[in-house]
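First the structure, in the form of structure tokens, and then the observations on it.
All figures in this text were calculated on a predicted structure; none of them were measured in a lab.
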Protein chains: 2
Amino acid sequence: MGIQGKIHNQIRRLRFEHDEMTQAALAKAAGVTRQTIMSLEANKYSPSLELAFKISRVFNKPLTEVFSYEQTEP
Amino acid sequence: MGIQGKIHNQIRRLRFEHDEMTQAALAKAAGVTRQTIMSLEANKYSPSLELAFKISRVFNKPLTEVFSYEQTEP
DNA sequence: ACTAAAAGTAAAAAATATATTACTTAATGT
DNA sequence: ACATTAAGTAATATATTTTTTACTTTTAGT
């Protein structure tokens, strides 16, 4: 999707707050590829809900603290 | 994805709580097809994060009140 | 019983996310 | 300066989500 709002994430920041966790380490912990993490940090696309939950769980944060939806009113 | 946890949603319940909102009405409000809503209620797959945010917004609830991630410990 | 609206089912196409592979660039330590 | 590790880029393949279309069944009202 992608006309209305945009998804932002705090992945990069949270990685550093978690002892400079590496992209590869996060990827492994979340059960995805490093490229997936890369693409998310580079905002190439937004993740599936499942992946969003997994990443949040790695950081021990509620999903909405990791991902946010910036809505442009239609 | 889909080995570890499962995503549950409260869409159907929330539709009824919102004045018996119809699947078609929710679909329109969220900017997707009725089939998409159907498939989500039938748990055929889990949505994109963006759609999850959109649906939550229609119900005026935080995402985590509409969608939950039931995690089976690995 | 009839009608209309809503919900369910299904198949295939289109769009988007994720994996795989491989290479390049940047950063860090020795 | 060299080696190593992390990060960035990119192309293609695979998987998953969403649309489109069309038809069937259920539900509610008259």
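- Near DNA chain C, meaning a heavy atom under 4.0 Å away, the residues from residues 13-23 of chain B are B:Arg15, B:Thr22, B:Gln23.
- Within the 4.5 Å cutoff, the side chain of A:Leu49 has heavy atoms near those of the B:Leu63 side chain.
- Atoms OH (A:Tyr45) and P (D:dT9) sit 14 Å apart, rounded to a whole Å.
- Atom CD1 in A:Ile7 sits roughly 14 Å away from atom C1' in D:dT17 (whole-Å rounding).
- Distances shown here put every side-chain N or O of A:Arg12 at or beyond 4.0 Å from the OP1 or OP2 atom of D:dA6.
- A 4.5 Å side-chain heavy-atom check between B:Ile37 and B:Ile55 finds at least one atom pair inside the cut-off.
- Atom CE in B:Met38 sits about 17 Å away from atom P in D:dT20, given to the nearest Å.
- Formation of a donor-acceptor pair under 3.5 Å by the B:Thr36 side chain with backbone atoms of B:Val32 is not found in this model.
- Counting all heavy atoms, side chain and backbone alike, A:Gln23 lies closest to A:Arg34 at OE1-NH1, 4.0 Å.
- Contact check, A:Ser48 against C:dT18: a side-chain N or O comes under 4.0 Å of OP1 or OP2.
- Proximity of B:His18 to B:Val58: side-chain heavy atoms (C-beta onward) are nowhere separated by under 4.5 Å.
- Applying the side-chain hydrogen bond (donor to acceptor under 3.5 Å, both in side chains) criterion to A:Arg12, with sequence neighbours excluded, gives A:Glu41.
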Give me the distances for all protein-to-nucleotides 22-30 of chain C N/O pairs that come in under 3.5 Å?
unit_1, atom_1, unit_2, atom_2, d
C:dA22, N6, A:Gln35, NE2, 3.0

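- Here C:dA7 presents its C1' atom at 16 Å from CG of B:Asn43, a figure rounded to the nearest Å.
- Side chains of A:Phe59 and A:Leu26 form a contact here, defined as non-hydrogen atoms less than 4.5 Å apart.
- Note on B:Thr36: every side-chain N or O is 4.0 Å or more away from OP1 and OP2 of D:dT17.
- For the pair B:Ser56 and B:Ala52, the tightest heavy-atom approach, listed with the atom from each and the gap, is OG-O, 2.7 Å.
- Remark: B:Ser46 is not in phosphate contact with D:dT16, judged by side-chain N or O atoms under 4.0 Å from OP1 or OP2.
- Side-chain N/O atoms of A:Thr33 include one lying less than 4.0 angstrom from OP1 or OP2 on C:dA19.
- The side chain of A:Pro47 has C:dT18 as its nearest neighbour among D:dT18, C:dT9, C:dT18.
- Using a 4.5 Å heavy-atom cutoff, the side chains of A:Leu51 and A:Leu40 are in contact.
- Distance, B:Ile37 CD1 to D:dT18 P: 10 Å, rounded to whole Å.
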Please tabulate, one pair per line, each protein N/O and nucleotide N/O from nucleotides 24-30 of chain D that are separated by under 3.5 Å, including the distance.
none

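- Within the 4.5 Å cutoff, the side chain of B:Pro47 has heavy atoms near those of the B:Phe67 side chain.
- Whole-Å rounding puts the A:Leu51 CG to C:dT16 P distance at 18 Å.
- At D:dT17, none of the side-chain N or O atoms of B:Ser39 fall inside 4.0 Å of OP1 or OP2 (strictly under the cut-off).
- Listed by chain and number, the residues in a side-chain hydrogen bond (donor to acceptor under 3.5 Å, both in side chains) with A:Gln10 amount to none (sequence neighbours excluded).
- Residues forming a side-chain hydrogen bond (donor to acceptor under 3.5 Å, both in side chains) with A:His8 (at least two apart in sequence, or on another chain): A:Glu70.
- Here D:dT16 presents its C1' atom at 14 Å from CG of A:Leu49, a figure rounded to the nearest Å.
- In this structure, CG of A:Leu40 is placed 13 Å from P of D:dG8, rounded to the nearest angstrom.
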